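None of the values given here were measured: they were computed from a predicted structure.
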Amino acid sequence: MNNHKYKRLINNSIIFAIGNLGSKFIVFLVVPLYTYYLTKSEFGMVDLLTTTLSFFIPIFTLSIFDSVLRFAMDKKYNKQTVLINSLLITVIGFAFSFCLYPVFMEFVSRNETVFYFYTLLFVQSINSTFTQYVRAIGKVRLFAASGIINAVTLLISNIVFLVLFNMGITGYLLSLIFATIISMLFVILKGRVYKDFSIKKIDIQLTREMLLYSIPLIPNALMWWIMGLSDRYIITFFLGLSANGMYAVANKIPSILTIINSIFFQAWQMSAIEEVNSEDKSNFFSNVFNIFSIVMLMATAMLIVILKVVMMFFVSSNYFEAWRYVPFLLLGVVFSSYSGFLGTTYIAMKQTKGVFKTSVIGAVVNIAINIVFVPIIGVNGASIGTMISFALIWILRIKDTNKFIRIRINWRKLSLNLLVIFLQIGVLYLDISIEYLLQIILLSIMGLINIKEIKIVIEKIKITIFKKKITPSENNVHY
């Protein structure tokens with residue numbers, strides 16, 4: 001086994017962890033500000049606005065930022081040409097987005113809110129291209145640092161606009177705009193990216209090739225958006241904005257789990273692209289997935305143990321009951337991360353057309369479950385729909401990606417872990433006096449089930465950090 005690629009994956013993961021943990025922790029600290037200085041209805045509205053933003057970005061940019069990482073990492077293409085072509089497409093797409101300005105004015109009565117929405121759309125679209133570019137050219141530390149800069153600016157801006165000036169929704173949007181601009185300027189100046197700007201580098205043929213790669217990813221991005229935003233709109237339609245505010249707060253807890261996924265995924269994309277043509281790719285992908293799947297499930301189990309404590313201290317008492325909607329959302333993140341792992345296979349193989357079909361099925365199932373179950377069981381109908389639809393996408397992608405790379409999954413261990421988590425969820429809803437004792441026992445059982453993998457992860461991290469040599473026994477680890 002070539003351990004260099006594992007070391008590179010862990011090394012990049014550690015770098016991204018430093019950036020993400022710092023930035024995400026700061027963002028998590030902002031949640032109490034939102035729950036104290038925004039009403040449930042206001043929080044529901046800003047949640048709709050920011051989620052709608054994620055719908056428009058891939059459409060009006062033609063998802064070109066997805067091409068930046070893949071093409072700038074490919075030695076066949078000029079990196080400066082990739083950058084300038086991506087920026088050009090982004091600016092043109094933003095210009096077309098103004099066709100919908102009158103439509104927004106019909107739904108949002110305040111003109112300044114629409115203006116801030118469009119400003120946020122522009123700066124986040126441009127920033128996506130720059131951050132993907134610095135990742136592709138190997139400046140992963142700069143990429144990680146930009147996340148921290150963004151989070152610190154967001155925290156300061158929120159204190160100013162929400163706490164000091166009590167600006168409500170406008171303050172929320174302004175905070176996001178300032179944070180994005182400051183972090184983008186940091187990347188451009190610190191990374192000297194401005195030196196790579198050259199109109200002369202525009203290449204229509206490369207632009208066409210990049211668009212053939214990125215455009216099939218637009219429907220996929222929309223399907224993921226539909227799965228996220230349909231929850232909000234269906235909850236709002238049947239239960240009102242206040243219920244959507246509760247659901248928005250519930251989604252903040254799984255975002256902790258998303259941190260782990262994003263840390264790994266940022267490093268994994270790079271490793272998958274680099275190793276996709278290697279002879280040992282099947283073993284590499286299988287080993288990484290089985291370790292990653294267990295890390296995600298262990299993290300889920302630990303979050304379930306401390307869920308009520310976290311909700312008690314980090315949100316207003318008015319939002320405490322939102323804990324009831326968290327468990328299935330956590331599993332939704334787990335299955336989403338699994339399907340995202342397999343989605344990287346399509347990206348690495350430049351077979352992006354194959355991503356779309358599984359996402360469509362998942363989105364249709366998600367909407368159907370929401371429409372049926374939200375009116376019957378309330379907000380948790382959306383949480384369960386999210387979990388089921390992402391699990392379905394993952395299962396479909398397992399079969400579909402076998403034609404590219406065969407990934408061997410340890411189904412027995414995976415099933416045991418999921419069983420323990422469902423037992424934890426059952427204990428959580430029972431709300432009995434010995435709840436925490438039972439949760440700790442179940443968490444300990446899961447630890448024993450995965451003791452081998454836990455030791456491997458710890459050992460490989462130690463090897464990466466302290467540059468120790470790999471022992472022969474470690475070279476024979478397979479899953």
### Message
With heavy-atom distances below 4.5 Å as the criterion, would you say the side chains of Glu435 and Lys308 are in contact?
### Response
yes
### Task
Could you go through the side chain to side chain contact (heavy atoms under 4.5 Å, CB included) check for Thr170 and Tyr116 one step at a time?
CA-CA 8 Å; Thr170 299; Tyr116 292 138; 3.3 Å; yes
#### Entry: Under 3.5 Å: donor-acceptor pair, side chain of Ser67, backbone of Met210
yes
### Query
Looking at residues at least two apart in the chain, or sitting in another chain, which of them share a side chain to side chain donor-acceptor pair (under 3.5 Å) with Asn370?
Asp231, Asn366
### Task
Would you give the length of the straight line joining atom OG of Ser125 to atom CZ of Phe94, rounded to the nearest 0.5 angstrom?
8.0 Å
### Message
Checking Ser214 now: which residues fulfil side chain to side chain donor-acceptor pair (under 3.5 Å) with it, not counting sequence neighbours?
### Response
none
### Shortest non-hydrogen separation from Leu176 to Thr180 and the atoms involved
O-OG1, 2.8 Å
### Query
Does any donor atom in the side chain of Asn261 or Thr258 lie under 3.5 Å from an acceptor atom in the other side chain?
no
### Query
Any idea how Phe56 and Phe117 line up, ring-wise: parallel (<30°), tilted (30 to 60°), or perpendicular (>60°)?
perpendicular
### Query
More than 12 non-hydrogen atoms from neighbouring residues, nucleotides or ligands closer than 6.0 Å to CZ on Phe98, yes or no?
yes
### Query
Are side-chain heavy atoms of Phe390 and Leu331 found at a separation under 4.5 Å?
no
### Message
Run the side chain to side chain contact (heavy atoms under 4.5 Å, CB included) test on Leu329 and Val333 for me, step by step, so that the C-alpha distance in whole Å, both residues' side-chain angles and the decisive distance to 0.1 Å come before the verdict.
### Response
CA-CA 6 Å; Leu329 288 174; Val333 173; 5.8 Å; no
### Query
Nearest 0.5 Å, what's the OG-NZ distance between Ser271 and Lys281?
15.5 Å
### Query
Tell me, do Met298 and Asn450 make a side-chain contact under 4.5 Å, heavy atoms counted?
yes
### Query
Could you state the interatomic distance from OG1 (Thr119) to CD1 (Ile177), rounded to the nearest 0.5 Å?
5.0 Å
### Query
Is the backbone N or O of Ile294 less than 3.5 Å from a side-chain atom of Glu453, with the two atoms forming a donor-acceptor pair by type?
no
### Message
I'd like to know if the side chain of Ser63 reaches the main chain of Ile59, judged simply by a donor and an acceptor atom lying under 3.5 Å from each other, with no hydrogens or angles considered.
### Response
no
### Task
Assess whether side-chain hydrogen bond (donor to acceptor under 3.5 Å, both in side chains) is satisfied between Arg397 and Thr358, documenting all intermediate values.
CA-CA 7 Å; Arg397 286 186 177 180; Thr358 52; 2.9 Å; yes
### Task
Verify the ring-centre separation between Phe265 and Phe341: is it less than 6.0 angstrom?
no
### Query
Under a 4.5 Å cut-off applied to non-hydrogen side-chain atoms, are Lys357 and Ile361 in contact?
no
### Query
Is there side-chain contact between Ser415 and Leu419, with at least one heavy-atom pair below 4.5 Å?
no
### Task
Mind listing the closest non-hydrogen atom pair of Ser97 and Phe60 along with its distance?
CA-CE2, 3.4 Å
### Query
Would you say Leu414 and Leu297 make side-chain contact, with heavy atoms under 4.5 Å?
yes
### Message
For Phe237, I'd like to know if atom CZ has over 12 heavy atoms of other residues, nucleotides or ligands within 6.0 Å.
### Response
no
### Message
A side-chain contact here means heavy atoms from C-beta on lying under 4.5 Å apart; do Asn244 and Leu239 qualify?
### Response
no
### Task
Assess the pair Tyr213 and Phe71: is the distance between their ring centroids shorter than 6.0 Å?
yes
### Query
Would you find a donor on one side and an acceptor on the other, under 3.5 Å apart, between the side chain of Asn290 and the backbone of Arg408?
yes
### Message
Walk me through whether Asn380 and Phe328 qualify under side chain to side chain contact (heavy atoms under 4.5 Å, CB included).
### Response
CA-CA 8 Å; Asn380 240 345; Phe328 296 112; 4.0 Å; yes
### Message
Within the supplied structure, the quantity of interest is the number of heavy atoms (other residues, nucleotides, ligands) at a distance under 6.0 Å from Phe165 CZ; does it exceed 12?
### Response
no
### Task
Locate the shortest heavy-atom distance separating Tyr172 from Leu162; write the atom from each residue and the value.
N-CD2, 4.1 Å
#### Entry: Minimum heavy-atom distance between Tyr325 and Met246, given as atom pair plus value
CE1-CB, 4.3 Å
### Task
Rounded to the nearest 0.5 Å, what's the gap from CG on Leu241 to OH on Tyr247? Could you check?
15.0 Å
### Task
Go through the steps to decide whether Thr131 and Ser146 satisfy the test side chain to side chain contact (heavy atoms under 4.5 Å, CB included), and finish with yes or no.
CA-CA 8 Å; Thr131 52; Ser146 70; 4.3 Å; yes
#### Entry: Gln269 and Arg70 side chains, donor-acceptor separation under 3.5 Å
no
### Query
In terms of the angle between their ring planes, are Phe264 and Trp268 parallel, tilted or perpendicular, with boundaries placed at 30° and 60°?
parallel
### Message
Once you measure the plane-to-plane angle for Trp394 and Phe335, does it fall in the parallel (<30°), tilted (30-60°) or perpendicular (>60°) bin?
### Response
parallel
### Task
Considering non-hydrogen atoms only, spot the tightest contact between Val374 and Gly381 and give its length.
CG2-C, 4.2 Å
### Message
As a quick check of understanding, evaluate ring-ring contact (aromatic ring centres under 6.0 Å, His included) for Phe130 and Phe65, giving each step before the final call.
### Response
CA-CA 8 Å; Phe130 284 126; Phe65 51 85; over 10 Å; no
### Query
Can you tell if the side chain of Ser389 reaches within under 4.5 Å of the side chain of Ile369, non-hydrogen atoms only?
no
#### Entry: Between CG on residue Asp400 and CD1 on residue Ile395, distance to nearest 0.5 Å
14.0 Å
### Task
Evaluate the ring planes of Phe161 and Phe178, with Trp represented by its six-membered ring, and classify them as parallel (under 30°), tilted (30 to 60°) or perpendicular (over 60°).
parallel
### Neighbour count >12 (heavy atoms, 6.0 Å) for atom CZ, Phe96
no
### Which atom of Ile89 lies closest to which atom of Thr61, heavy atoms considered
CG2-O, 3.5 Å
### Spacing of CG belonging to Asn127 relative to CD1 belonging to Ile57, to within rounding of 0.5 Å
9.5 Å
## Note on the structure
Tested for ring pair (Phe, Tyr, Trp, His ring centres under 6.0 Å) against Phe289, the lone hit among Trp411, Tyr338, Phe284 is Tyr338
